[in-house]
Amino acid sequence: MLKQVPTDTLLENLEAALILISHDLVVQRVNIAAETLFEQSRRTMVGKNIVELLPSTTVAKCLNDCLASNSQFTLREVELSVTSSLVDMTISPLMHEDTHFILIEINSIKRISRFIKETNQLERQQSFRMMMRGLAHEIKNPLGGIRGAAQLLDRELDDSGHQQLTDILIKEADRLTQLVDRVMGSREQFKLLKINIHEVLEHVAGLVSVKSSSGGSKPINKLAIERHYDPALPEINADKQQLIQAVLNIVGNAIEAQVESSSPRIGLITQFERFVTINQILHRQALKIRIWDDGPGVEEHMRDIIFDPLVTGRPTGTGLGLSITQEIIQRHKGVVQLEDFEGKTCFAIYLPYT
């Protein structure tokens, strides 16, 4: 026999924001997704006139028409003034015990767009990863042969000048082998433990601070780090060393992007997110880490391919840092996204709470 799921449970687990209002346009009820979308608690929202949440003449007209004609209306790309985001909205009439209500269903266009972008990115990266690992495997075999031949040749040579050449061959073969290993990615088993994400971020901040105090490059000497942490965040199940590497790759890029700046800055922000779709799976709770900088930003033609292997906007870059970061986070069932944040370059890491 199938077990009945309470209606309240279904409503609270919906990804769409729901707002129930009375015939006089007063908010009667909201679900968790609505709280998240409007960045307000239900205690604050319930009892308000809907106009305070949706101060749009178009929405107001549809609400009045909905009550007058008992008809459903759908609006596209409505701007929420509270959060400056675009949404699609469905306004439906409801009748309960001879009382008229209106149900407003809201879906964030940004969320839908992110879902499509994330899906395309995931598929492309998986294809790239398979191709690169196959290519890396083919490259490692002749590299091993080159290194072995150089070692044998070195033993036969008496001329120190020629031995210097074989040393170069061996060292370069080792360097290329290390690069290939990075392309192939780590296959080590994760050591998952409950960790405080702020310990990870502070460790990375400490690393760049040590580099600054030891007489590092110009931007690191003057680097300012702004922190906005949520102290109430629960611990997350993750491999601490792997997360340090992932965050360090992003922070390192942020510092490099500001090499010409006289006052470079990076920011570290943590927050709790509800109902986040990651890798096509809806999670009720997730950790979001924002890492921003005051650099020139990512060029438009690079935005969709920035996480692909061997793609870089820097002449001296290898194009592996962000690719490795994305793989580490994806192995944690999360995702990294390039996002807009107050006009700054910002990478957002999403990690689900399981």
**Asked** Do the side-chain N and O atoms of Thr270 and His198 include a donor-acceptor pair separated by under 3.5 angstrom?
**Response** yes
**Message:** I'd like to know if Arg42 and Glu12 make a salt bridge, using a cut-off of under 4.0 Å between side-chain N and carboxylate O.
**Reply:** yes
**Asked** Per the side chain to side chain contact (heavy atoms under 4.5 Å, CB included) rule, which among Ile291, Ile225, Leu201 passes with Val251?
**Response** Ile291
**Request:** May I ask you to decide whether Lys344 forms a salt bridge with Asp293, counting only side-chain N to carboxylate O separations under 4.0 Å?
**Result:** no
**Message:** For Phe341 and Trp292, take the angle between the two ring planes, folded into 0 to 90°, and tell me which bin it lands in: parallel under 30, tilted 30 to 60, perpendicular over 60.
**Reply:** tilted
**Prompt:** Just by distance, with hydrogens left out, do Ser41 and Glu35 show a side-chain donor and acceptor under 3.5 Å apart?
**Reply:** no
**Asked** Yes or no on salt bridge (Lys or Arg N to Asp or Glu O under 4.0 Å) for Asp239 and Lys191, after CA distance, side-chain angles and deciding distance?
**Response** CA-CA 5 Å; Asp239 185 308; Lys191 299 174 183 176; over 6 Å; no
**Asked** Between Arg76 and Asp88, is the closest basic N to carboxylate O distance under 4.0 Å?
**Response** yes
**Request:** Say whether Tyr229 and Glu202, considering side chains only, have a donor N or O and an acceptor N or O under 3.5 Å apart.
**Result:** yes
**Asked** Salt bridge or not for Glu339 and Lys288, using N-O below 4.0 Å?
**Response** yes
**Message:** Given 3.5 Å as the limit, does a donor-acceptor pair link the side chain of Gln28 with the main chain of Leu20, or not?
**Reply:** no
**Asked** Taking 4.0 angstrom as the limit, do Asp65 and Lys61 come out as a salt bridge?
**Response** yes
**Prompt:** Do His100 and Met95 come close enough that some side-chain heavy atom pair is under 4.5 Å?
**Reply:** yes
**Request:** State whether a side-chain donor-acceptor pair under 3.5 Å links Gln271 with Arg290.
**Result:** yes
**Request:** Verify the distance criterion only: is there a donor paired with an acceptor across the side chains of Asn249 and Thr325 at less than 3.5 Å?
**Result:** yes
